[in-house]
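Following: one structure in structure tokens, then a few remarks.
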Protein chains: 2
Amino acid sequence: MRSYHEYCAVAKALDVVGERWTLLIVRELLTRGACRYTDLRAGLPGIATNLLATRLRELEETGVIEREEAPPPVATTLFRLTPRGQALRPVLDALAGWGVPLMREAGDEDAFRAQWLAFPVRTFLSDKSPGEPPVTIGVRADGEAAVIEAGGGTVTIRTGEPGDPDASLDGPPQVVMAVLSGRLSPEDAGAKGLRWAGSRAVLDRVLPSGQAVAMADLAPDHGGEDR
Amino acid sequence: MRSYHEYCAVAKALDVVGERWTLLIVRELLTRGACRYTDLRAGLPGIATNLLATRLRELEETGVIEREEAPPPVATTLFRLTPRGQALRPVLDALAGWGVPLMREAGDEDAFRAQWLAFPVRTFLSDKSPGEPPVTIGVRADGEAAVIEAGGGTVTIRTGEPGDPDASLDGPPQVVMAVLSGRLSPEDAGAKGLRWAGSRAVLDRVLPSGQAVAMADLAPDHGGEDR
DNA sequence: CCGGATCCGGGTTGATACTG
DNA sequence: CAGTATCAACCCGGATCCGG
């Protein structure tokens, strides 16, 4: 493991989690919980398998993750974050917040996984009607499915198919992102490929206000053609 | 510039600032303000000069920094963060917070620069007597000098020699860090090489309480021999 | 001195194949 | 399923050189 050899808190942190792929492995374990080797590979398209093995070994040595050998019925290895690893959440949150403005451009060959919506959802969505009964919103993009659950003042997201959602969104990842971040209303997004169904009130309950989208002026410069 | 090709906020952020040295360049510009090429090299011991040039060009292209050609009297190039680059501060803060527990071990050949104290100071120090007149504390470690200024409820740090400080700390970087983070009292640090002078009350005004040092249980495991 | 550019050796990464 | 083995390509670090 290469080190910067600097007595600096930032450099010391980057010595441990600054190498390529490392923070994305942490992202997967934060958003999906304990994972098998194969699950991690699926969530990290493009990673070489030997590199994943090397990173997992390093992360184990530095106390960020631990591996658990599941007993015979399942007979598989699970990787999970230690408390020290979970303490990286603020780092991922900050990076995701800074990265959101970069998601306006698509990148033709960008892969997409439903669990990657977790950070934007944490940042942008809130339950504005904590008193009312909980609701679920199905989200679908690029064949990936997730369920947003709002109730009691909190909003969570998990991957998978919704049972019987109160509302649903379906469209290209960038358009779904634009709606979840409040940059586009569901109506305006219709022209860009979004299909939505169910209760509009349920969407209003969790989506950002639409107006107060901060950070816009800190975004990299754009023509603003899709406003 | 290599990309992960993932439509994920974290991955997009790391596409821009995830390469080696990049976030440390941002650290230098955040803690020292606009810098010359040579200043940056001094604050990034070990960086290859071609790599610094490459990173600066990439950061300029991505809108994180901008270069300013100073007019003839100085006739030099200054690199400074754009607002978009300054928006990386929460990322650096989070990384520094996570990295502080790693600073208990020294690393024999670790370089040290006074400006690297800035993040721990922001995290740990506070002005507990906002009403009283401002005070200054001189800090010296490894030949590097900095001045902590507390007053009006805020604590700042800058590099350089103090004029006539109300208190001063001098010792090995790890011991100074232990005192600034509240892990050691100035008295206990004496046995480890700290020399301090001036008003103890001034130190108490800004140093952490000594007891409530959080994060200790999230630190990588240690014998705890220096408690 | 300042702000790089160029060259080279070695280490890291990425793609593929293979294995218990 | 959970990796290891191999190898080419690329990136990084160190040294040197060079135009203002």
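Throughout, protein chains are lettered first and strands after them, A, B, ... in sequence-line order, and every chain is numbered starting at 1.
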Check your understanding: Taking the side chain of R20(A) as heavy atoms from C-beta outward, which of dA17(C), dG14(C), dC12(D) is closest to it?
Key ->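 Side chain of R20(A) sits closest to dG14(C).
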
Length of the line joining [X]:[atom1] and [N]:[atom2], which is rounded to integer Å:
X	N	atom1	atom2	answer
I25(A)	dA2(D)	CD1	P	14 Å
L24(A)	dG14(C)	CG	C1'	15 Å
E69(A)	dC1(D)	CD	P	15 Å
I47(A)	dA2(D)	CD1	P	15 Å
L52(B)	dG3(C)	CG	P	10 Å
Y4(A)	dC12(D)	OH	C1'	11 Å
I65(A)	dA2(D)	CD1	C1'	13 Å
R57(B)	dT6(C)	CZ	C1'	13 Å

Give a yes or no on whether the backbone of [Y] and the side-chain of [X] come within a donor-acceptor separation of less than 3.5 Å.
X	Y	answer
T123(A)	G97(A)	no
Y7(A)	G107(B)	no
R113(B)	P45(B)	no
R195(B)	S168(B)	no

Exercise for review: Identify whether NZ of Lys or CZ of Arg in R89(B) sits under 6.0 Å from the centre of the six-membered ring of W98(A) and within 45° of that ring's axis.
Suggested key: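 No - R89(B) does not lie over the ring of W98(A) by the 6.0 Å and 45° rule.
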
Practice item. Have a look at T77(B) and say if it touches a base, only the backbone sugar-phosphate, or nothing, with a 4.0 Å heavy-atom cut-off. Key: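 Since only primed, P, OP1 and OP2 atoms lie under 4.0 Å of T77(B), the category is sugar-phosphate.
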
Practice item. Step through the shown structure and confirm whether more than 12 heavy atoms of other residues, nucleotides or ligands are within 6.0 Å of CD on E69(A). Key: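 Yes, enclosed.
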
Point to revise | Greater than 12 external heavy atoms within 6.0 Å of R67(A)'s CZ | key: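 Buried by this count: over 12 neighbours within 6.0 Å.
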
Exercise for review: Please report how far the helix from dC1(C)-dG20(D) to dG20(C)-dC1(D) bends, comparing the axis fitted to its first five pairs with the axis fitted to its last five, to the nearest 10 degrees.
Suggested key: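 About 30°, once rounded to a multiple of 10°.
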
Check your understanding: Listed by chain and number, what are the salt bridge (charged side-chain N to carboxylate O under 4.0 Å, His left out) partners of E144(B), not counting sequence neighbours?
Key ->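 Once residues adjacent in sequence are excluded, E144(B) has no partner under the salt bridge (charged side-chain N to carboxylate O under 4.0 Å, His left out) criterion.
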
Review point. What residues form a salt bridge (charged side-chain N to carboxylate O under 4.0 Å, His left out) with R122(B), not counting sequence neighbours?
Key: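 Once residues adjacent in sequence are excluded, the partners of R122(B) under the salt bridge (charged side-chain N to carboxylate O under 4.0 Å, His left out) criterion are D93(B).
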
Check your understanding: Pick the nucleotide of DNA chain D nearest each of T54(A) and W21(B); which residue has the one closer to the 5' end?
Key ->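 Nearest-nucleotide comparison on DNA chain D picks T54(A).
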
**Study point:** Side-chain N,O (T76(B)) to OP1/OP2 (dG3(C)) below 4.0 Å
**Key:**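 Answer yes for this pair, as a side-chain N or O of T76(B) is under 4.0 Å from OP1 or OP2.
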
Exercise for review: Apply the side-chain contact (heavy atoms from CB on, under 4.5 Å) test between V17(B) and each candidate in T62(B), L88(B), L92(B), I25(B); give the one that qualifies.
Suggested key: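 Exactly one pass, corresponding to L88(B).
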
**Study point:** A11(B): side-chain contact (heavy atoms from CB on, under 4.5 Å) partners, not counting sequence neighbours
**Key:**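 Testing A11(B) for side-chain contact (heavy atoms from CB on, under 4.5 Å), a comparison that skips the adjacent residues, returns L24(A), R27(A), Y4(B), E6(B), C8(B).
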
Below 3.5 Å is the cut-off: list the nitrogen or oxygen pairs between protein and nucleotides 7-12 of chain C, distance only.
unit_1, atom_1, unit_2, atom_2, d
dC7(C), N4, N50(B), ND2, 3.4

Point to revise | Within residues 29-42 of chain B: residues closer than 4.0 Å to DNA chain D (heavy atoms) | key: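 Under 4.0 Å from DNA chain D: no residue of residues 29-42 of chain B.
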
**Study point:** Inter-residue atom distance M1(B).CE - E58(B).CD, 0.5 Å rounding
**Key:**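 These two atoms lie 5.5 Å from each other.
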
